[in-house]
Amino acid sequence: MDTQFLQSFLMVVDCGSMAEAARRLDLTPAAVAARVKSLEEAMGAVLVRRAGRTVKPTESGLRILNHARGVLRDVRNLHALANDDAPFGEWRLGVSSSALTGLLPPLLRGLYDKHPKLAVYMEPGNSGTLYQRVTAGILDAAIIVEPQFTLPKSCGWQALVEEPLCVLAPAAMAGRDALDLLASEPFIRYDRSMWGGRMADAWLREHHIQPQERIEIDHLNAIASFVHQGLGVALVPDWTPPWPEGLDVLRIPLPAPAPVRRMGLVWAEGPKAALARALLAEHGKTSGKP
């Protein structure tokens, strides 16, 4: 059995869509469907079915789901452990989208200075999903927005950066008040299903501001580009650079005290928790904090 068939099956189940799975795997939907079909033929059972616009696992698919994840994890660990300089096996790290280009790279550089043969499987995603995958044992650790609830004792947490909410506005609006901009200009909303988006929504409600909503999207770089084009203003975390190049936008502070989005590392306690602590040690060096 080709493990790529298992990977495609799991991606379809996680995404609930052949098209989205294909996008993430950089394949055509037809190629993903063919892989899933080949796996079904090898297993002698139907593993997924369409339910309206979504794709869901059948009872047979649900029965093999966790085992399939374990097989893929074990195969990747075998590849990593085949190199005797990689005693940890593969480290499965989730990363919130806004941390991929700014917060994470310098931490990884320091980590690889100490563990040059470290094998990392990196999974981008939103904070809520990545947190669930850490607690489920699918990922070893993840860089996410700080959860607003108590973590289980099986997990560790440490904040890495604080990113205050700010108003993002076109440069032509310089000198205008942050609250006036939010109340009077077309609004580009950070997706309320995201933890950071919920924080922005809660602040707007607390200050009785009902913005003229134009767009809602889960992509901070896209929001910044839309603001640059004069499509509206936004309320977003002042996230760790780099930002997209060539943008002529303002970051206008909110009146104090402004809400702060804390980005940090959550990890599962266990054999690979040492790698999480090593990453945190690199953050201590780059930030000057112990």
Side-chain angles (χ1 to χ4, degrees), residues 1-83 86 88-100 104 118-144 191 193-195 216-219 221-222 266-268 270 272:
M1 182 189 300
D2 192 328
T3 56
Q4 290 183 335
F5 298 167
L6 283 176
Q7 181 188 32
S8 296
F9 162 67
L10 292 172
M11 189 63 73
V12 167
V13 172
D14 288 344
C15 296
S17 162
M18 289 280 184
E20 178 61 18
R23 186 185 70 80
R24 295 192 187 187
L25 292 170
D26 197 22
L27 297 169
T28 65
V32 171
R35 286 183 174 185
V36 173
K37 183 66 175 176
S38 296
L39 179 63
E40 289 178 329
E41 291 173 352
M43 302 297 293
V46 177
L47 302 176
V48 298
R49 58 178 171 78
R50 292 196 175 275
R53 295 184 178 181
T54 63
V55 179
K56 295 185 177 181
T58 63
E59 289 186 10
S60 296
L62 286 171
R63 281 196 293 268
I64 73 165
L65 194 59
N66 288 336
H67 293 290
R69 295 191 197 280
V71 168
L72 278 186
R73 185 166 58 245
D74 289 345
V75 168
R76 289 196 296 261
N77 270 326
L78 281 173
H79 283 297
L81 289 168
N83 187 322
F88 295 104
E90 179 187 69
W91 194 37
R92 296 159 293 153
L93 179 66
V95 188
S96 179
S97 300
S98 63
L100 271 171
L104 178 62
L118 176 65
V120 178
Y121 168 75
M122 198 171 297
E123 180 177 321
N126 67 68
S127 294
T129 299
L130 295 176
Y131 168 78
Q132 291 173 359
R133 292 172 76 78
V134 171
T135 57
I138 299 168
L139 295 173
D140 298 310
I143 296 176
I144 62 172
D191 188 344
S193 68
M194 303 297 107
W195 288 354
E216 182 167 1
I217 184 173
D218 169 28
H219 199 296
N221 282 346
V266 60
W267 67 92
K272 296 184 183 178

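Hydrogens, waters and symmetry mates are skipped; everything else that's a heavy atom, side chains included, is used.
Contacts classified as salt bridge (charged side-chain N to carboxylate O under 4.0 Å, His left out) and involving residues 1-16 (residues at least two apart or in different chains) are given here: Asp14-Arg69, Asp14-Arg133.
Atom CD1 of residue Ile138 and atom OH of residue Tyr121 lie 10.0 Å apart, to the nearest 0.5 angstrom. The line from CG of Leu130 to CG of Leu93 is 9.0 Å long, rounded to the nearest 0.5 Å. Ser97 OG to Asp218 CG: the interatomic distance, rounded to the nearest 0.5 Å, is 6.0 Å. Distance CE/Met194 to OG/Ser98: 11.5 Å, rounded to 0.5 Å.
Take Ser60 and apply the side chain to side chain donor-acceptor pair (under 3.5 Å) test, not counting sequence neighbours, and it matches Arg63. Qualifying side-chain contact (heavy atoms from CB on, under 4.5 Å) partners for Val71, counting only residues two or more places apart in sequence or in other chains: Leu6, Val75. In this view, Thr129 and Asn126 satisfy the side chain to side chain donor-acceptor pair (under 3.5 Å) rule, not counting sequence neighbours. Remark: Glu20 engages Arg23, Arg24 in a salt bridge (charged side-chain N to carboxylate O under 4.0 Å, His left out) (not counting sequence neighbours). Residues that satisfy the ring pair (Phe, Tyr, Trp, His ring centres under 6.0 Å) test with Tyr131, not counting sequence neighbours, are Phe149. With sequence neighbours excluded, the residues that form a side-chain contact (heavy atoms from CB on, under 4.5 Å) with Ser38 are Phe5. Under the salt bridge (charged side-chain N to carboxylate O under 4.0 Å, His left out) criterion, Asp191 pairs with no residue at all, not counting sequence neighbours. Under the rule for a side-chain contact (heavy atoms from CB on, under 4.5 Å), the partners of Ser127 that lie at least two apart in sequence or sit in another chain are Ser96, Ile144, Val145, Trp195.
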Quick one: side chains of residues 39-50, donor-acceptor pairs under 3.5 Å with protein atoms, not counting sequence neighbours, listed by atom name and distance.
| unit_1 | atom_1 | unit_2 | atom_2 | d |
| --- | --- | --- | --- | --- |
| Glu40 | OE2 | Leu47 | N | 2.8 |
| Glu40 | OE2 | Val48 | N | 3.3 |

Compile the donor-acceptor pairs under 3.5 Å between side chains in residues 25-35 and protein atoms, sequence neighbours left out, one pair per line.
| unit_1 | atom_1 | unit_2 | atom_2 | d |
| --- | --- | --- | --- | --- |
| Thr28 | OG1 | Ala31 | N | 3.0 |
| Arg35 | NH1 | Ser8 | OG | 3.2 |
| Arg35 | NH2 | Gln4 | OE1 | 3.2 |

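The shortest side-chain heavy-atom distance between Leu65 and Phe9 falls under the 4.5 Å cut-off.
A donor-acceptor contact shorter than 3.5 Å is absent between the side chain of Arg92 and the backbone of Glu123.
Contact between Val134 and Ala142 at its shortest, heavy atoms only, is CG2-CB, 3.8 Å. For the pair Lys56 and Thr54, the tightest heavy-atom approach, listed with the atom from each and the gap, is CE-OG1, 3.9 Å.
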